[in-house]
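Since the structure comes first, as structure tokens, the remarks are kept for the end.
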Amino acid sequence: MSLTFDFVQPQPEPAADRVTLFADVILPLPLPKLYTYRVPFELNDQVVIGGRVIVQFGAKKTLSCIVAAVHETPPANYQAKYILEFIDDAPVVTQPQLKLFRWMADYYLCTLGEVINAALPAALKLSSESRVQLHPAFETETNPYPLSEQEQKIVEALSTGEEGKSMTFTEIGELLGIASFHKYIKSLMQKDVVFLFEHMSDKYSPKVVKKVRLAHRYVAEAALEQLFAQLAGKAKQLDVLMRYLQRVPVYQNEHSNHKGMEKAALTSAPHLSPSAVNTLIKNGILEQFDVIVSRFPMEDDEVANMHFTLSEAQMEAHTDIMRQFQTQDIVLLHGVTGAGKTEIYIDLIRQALESGGQVLYLLPEIALTAQIVTRLMRVFGSRLGVYHSKFSDNERVEVWNGVLSGRFQVVVGVRSSVFLPFDNLSLLIVDEEHESSYKQYDPAPRYNAREVALMMANFQGAKTLLGSATPSVETYYQTRTGRYGLVSLTKRFGEAGLPEIELVDTRKSREQKTMLNHFTPELMQEMERKLAAKEQVILFQNRRGYAPFINCLDCGWIPKCKNCAVSLSYHKHAHELRCHYCGYHDRMPVECPACGSRNIKTVGFGTEKLEDDLKIMLPEASVQRMDLDTTRAKNSYQQIISDFEKQTTNVLVGTQMVTKGLDFANVSLVGIINADSIIHYPDFRAHERAFQMFVQVSGRAGRKGKKGKVIIQTGDPQQVIFDKVIRNDYLEFYEYEILQRREHGYPPFMRVIRLTVKHMDPVLAEKAAILLTQELVDRLGREAVLGPEAPYIFRIRNFYLQEITVKLSREHTVVRAAKADILESINLVRDHKDFKQARIAADVDPM
DNA sequence: AGCACGCCGACT
DNA sequence: GTCGGCGTGCTC
């Protein structure tokens with residue numbers, strides 16, 4: 001039910017001997033502290049910690065917020081306002097959540113309001129909107145003021161329909177078809193024709209299905225016979241009626257009529273006339289009624305508890321994990337791609353459920369596919385909730401409420417599912433734990449879901465299994481220190497051997513002029529061979545668009561984004577130049593705006609160009625591209641995957657999206673088109689990321705017994721990292737990388753906090769950053785602070801950037817004290833009169 | 001985050 | 001002379 005309500009008036013002053021309660025509320029705003037409101041005495045028993053209340057904040061705003069605490073201490077320096085309304089009689093945010101959210105705000109240097117804002121599905125955040133209603137005293141006949149045509153329209157709309165009808169501003173805008181209608185409302189208010197009031201509404205609306213059933217008086221057999229006689233000659237209506245009786249056995253069981261059937265099953269049936277259905281309803285033969293249904297329809301647990309057997313290696317790993325859980329809260333399952341980690345997870349989840357606890361299974365967004373959901377559904381049936389970013393708000397609220405009510409005991413979800421109201425978590429699984437997409441980069445809270453989930457597991461006493469074929473250096477280090485357990489699964493499931501990896505030197509090919517567009521002859525030949533054998537190919541290129549920039553060959557002109565310090569990428573399909581940082585786009589010029597030349601060339605290449613080239617070079621093959629641009633729509637991602645699965649497409653070209661979790665049995669070749677751009681990235685994690693990407697994408701080659709092949713194109717095959725990729729030697733990579741980290745003082749040995757100063761004015765950005773650095777150095781010491789420095793892309797969305805990196809020892813007390821110092825320094829700069837417009841963001845553990 | 005209060009340019 | 005720009009401060 002969509003609950004709507006208007007505000008109650010503030011309560012009168014309570015008598016002195018009565019208990020006066022105050023509630024500290026979390027406003028969904030980036031404010032550093034909680035605000036204290038007074039509970040109207042009559043409603044004392046309605047305050048619920050974790051429940052939503054409505055308050056007036058400032059002169060105009062009415063907001064819904066969460067009660068964080070209730071107490072009897074009146075604020076010393078100000079008069080608390082009254083809470084206007086209580087929405088929930090049970091917590092929407094539970095105590096364990098509040099504890100976790102506080103930890104998040106603290107750890108990630110943001111406000112509780114920001115955490116709440118990210119946590120609550122938008123549909124749980126009430127919005128206030130102004131509504132317009134006809135003044136009760138208004139009558140058209142007695143109205144002394146003349147009304148304009150537009151005003152007349154508004155009055156008409158408000159007086160049609162039931163008494164006291166109201167409209168929102170948006171509705172009025174739609175009615176008049178113009179944006180600037182406020183003047184008419186203002187004028188109508190002055191003439192006492194309408195008045196305004198504030199109205200809050202829950203945005204969640206349950207899903208309703210229209211059903212039909214036979215009107216009661218026809219249910220008896222005799223009455224039915226009579227009805228048939230009555231409808232004789234009305235063939236279409238009789239058809240509908242027959243179909244209804246076929247589906248609902250009214251003859252055999254009169255009670256079955258009560259539930260009826262879905263109206264859509266009649267109106268959209270191929271041989272039935274929708275208008276005949278409506279005629280039957282109009283004539284009172286069928287009656288229509290609404291039923292509230294779940295957005296996650298689940299027949300029953302028939303499908304559930306499907307069993308499968310683990311392989312011997314999986315069994316062993318499973319036993320080992322359970323054994324380690326006896327002494328260890330966190331275990332890393334290091335299993336090569338295709339080793340069958342998912343079956344182990346499923347078995348552990350089943351076990352956890354049997355003991356009565358909740359389970360959270362975290363996956364990166366691109367790995368949470370229909371494949372995995374279907375698989376889990378078959379085992380866990382209606383106990384499984386799915387939390388995905390492409391879900392609508394209403395769907396998210398249903399998952400949220402389902403966890404609260406206990407309907408969903410297992411949730412498989414993406415990053416944001418760490419916000420769900422678990423209170424009895426017994427198992428946490430973080431698959432692909434090394435994934436950087438677990439980290440939210442912008443806006444605040446800049447949290448890492450893996451770390452938040454680990455903290456939640458810690459608070460609730462749950463065991464955690466981290467899974468990866470290429471664990472993050474930080475996580476693997478913890479297994480070395482003994483803080484995490486370790487289980488390794490090194491054999492691929494079902495006899496599939498590891499792919500053969502070949503390095504191909506693009507520099508040599510270029511010198512010999514044997515390159516075919518961006519393909520070496522080796523890769524080209526291999527592709528042709530595989531396609532001839534009716535096998536599939538995946539090509540990985542970590543850059544979308546057609547070309548990263550275009551260039552006038554006569555005057556050297558390169559189009560740049562007007563908001564950011566980057567060149568514009570050329571997107572051929574849209575025939576546009578686009579900025580990948582702010583979304584700015586412009587038509588592709590026919591001639592150079594600087595010199596008028598038509599001699600404009602594209603430079604470099606992205607997925608779109610590869611796709612284009614391949615369509616010409618391999619005319620027989622069907623080529624599909626998978627990147628941010630081709631997967632924006634809700635189902636396009638799934639469509640691309642299923643086309644590839646069905647082998648409608650032979651070659652899949654894509655960005656990082658193709659590296660994750662896709663299991664295609666027929667892929668025998670993976671090509672990495674430009675390995676160098678991934679390795680040479682100005683960041684301490686560049687090698688780790690490169691290693692992970694290469695190994696993950698290689699894992700796409702060869703499954704179900706077929707040995708796959710991987711071709712890596714590089715200008716420098718001698719780089720150390722390749723050697724480890726080729727031998728798929730994670731350990732060796734780790735040993736090499738951990739030395740670098742120790743030597744240069746990076747995680748896991750040191751903790752990094754990145755501060756970014758943004759300002760529209762480049763000079764002020766730099767000055768603010770220098771001041772911030774000075775403050776930090778004063779508090780933390782010179783050696784802890786690096787920068788300030790303008791990043792490689794020094795301007796984004798018209799803001800000039802400056803970065804400061806703080807490195808801290810990992811000791812808890814040090815970090816805690818340092819964070820207080822950092823906050824103090826930031827506030828100092830913020831309060832400085834010259835830097836009022838500077839924006840400062842802190843990113844704890846950046847990735 | 002909004003929104004109000006407060007000081008400097010282009011208009012009736 | 002005013003209307004309105006957005007810069008700064010506050011919201012229990």
Side-chain angles (χ1 to χ4, degrees), chain A residues 7-11 13-14 20-41 43-44 47 49 51-86 101 105 108-120 122 124-130 169-170 179-180 182-183 186-187 196 198-200 203 440 442-446 758-761 763-765 767-768 797-799 826-842:
Chain A
F7 299 128
V8 290
Q9 291 302 308
Q11 304 300 309
E13 203 64 25
T20 307
L21 295 180
F22 294 91
D24 297 340
V25 304
I26 308 167
L27 292 156
L29 301 172
L31 298 167
K33 55 197 181 97
L34 302 182
Y35 282 70
T36 306
Y37 283 83
R38 181 167 177 169
V39 179
F41 176 77
L43 304 174
N44 270 0
V47 221
I49 292 180
R52 290 171 300 170
V53 296
I54 292 167
V55 297
Q56 180 92 36
F57 185 63
K60 272 238 169 81
K61 266 181 302 184
T62 342
L63 295 169
S64 75
C65 49
I66 301 286
V67 175
V70 179
H71 55 87
E72 293 178 29
T73 323
N77 313 316
Y78 55 87
Q79 190 68 40
K81 284 186 184 174
Y82 279 98
I83 289 175
L84 299 176
E85 195 89 30
F86 293 86
F101 294 173
Y108 290 108
L109 299 174
C110 65
T111 69
L112 252 184
E114 285 168 325
V115 177
I116 282 282
N117 227 359
L120 289 187
L124 284 179
K125 295 175 211 160
L126 298 194
S127 67
S128 115
E129 51 185 354
S130 300
F169 278 27
T170 326
S180 55
H182 290 89
K183 54 183 177 225
K186 201 172 161 190
S187 151
L196 288 184
E198 285 293 306
H199 187 271
M200 309 273 298
K203 279 183 278 184
Q440 169 151 315
D442 215 34
R446 297 178 176 80
K758 302 186 198 181
H759 203 291
M760 299 274 257
D761 181 330
V763 178
L764 287 176
K767 281 187 173 165
R797 292 173 195 269
N798 287 321
F799 278 88
I826 290 174
N827 287 330
L828 220 129
V829 178
R830 274 189 188 140
D831 290 346
H832 191 290
K833 66 171 173 46
D834 293 352
F835 306 130
K836 291 288 178 196
Q837 288 169 101
R839 296 189 195 172
I840 305 169

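Chain identifiers are assigned alphabetically (A, B, ...) following the order of the sequence lines, protein sequences preceding nucleic acid strands; residue numbering begins at 1 within each chain.
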Expressed in angstrom and rounded to an integer, what is the separation of [X] atom [atom1] from [N] atom [atom2]?
X: A:K33; N: C:dT11; atom1: NZ; atom2: P; value: 8 Å
X: A:L29; N: C:dC12; atom1: CG; atom2: P; value: 11 Å
X: A:R830; N: C:dT8; atom1: CZ; atom2: C1'; value: 15 Å
X: A:I26; N: C:dC12; atom1: CD1; atom2: C1'; value: 15 Å
X: A:Q56; N: C:dT11; atom1: CD; atom2: P; value: 14 Å
X: A:L63; N: C:dC12; atom1: CG; atom2: P; value: 10 Å
X: A:L84; N: C:dT11; atom1: CG; atom2: P; value: 17 Å
X: A:L112; N: B:dA1; atom1: CG; atom2: C1'; value: 16 Å

- Task: Under the side-chain contact (heavy atoms from CB on, under 4.5 Å) rule, what do A:D24 and A:H71 come out as? Steps first, then yes or no, please.
- Result: CA-CA 8 Å; A:D24 297 340; A:H71 55 87; 2.9 Å; yes

- Over all atoms of both residues, closest heavy-atom pair of A:P75 and A:T36: CG-CG2, 4.0 Å

- Message: Side chain of A:K836 only, heavy atoms from C-beta on: which candidate in C:dC12, C:dT8, B:dA1 is closest?
- Response: C:dT8

- Task: Could you work out which one of C:dG7, C:dC12, C:dT11 sits closest to the side chain of A:Q837?
- Result: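 Of C:dG7, C:dC12, C:dT11, C:dG7 is nearest to the side chain of A:Q837.
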
- Ignoring backbone atoms, establish whether A:Y78 has a side-chain N or O less than 4.0 Å from OP1 or OP2 of C:dC12.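 It does not, given that no N or O in the side chain of A:Y78 lies less than 4.0 Å from OP1 or OP2 of C:dC12.
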
- In Å, rounded to the nearest 0.5 Å, how long is the span from CD1 of A:I66 to CG of A:L27? 10.5 Å

- Message: Measuring from atom CG of A:L112 to atom CG of A:L31, what distance do you get when rounded to the nearest 0.5 angstrom?
- Response: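 That separation rounds to 11.0 Å.
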
- Task: Identify whether any heavy atom of A:L27 sits under 4.0 Å from a base atom; if not, whether one sits that close to sugar-phosphate; answer base, sugar-phosphate or nothing.
- Result: nothing

- Query: Is A:F57 stacked on the base of C:dT11, with ring centres under 5.5 Å apart and planes under 30° apart?
  - Reply: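 Stacking between A:F57 and C:dT11: present.
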
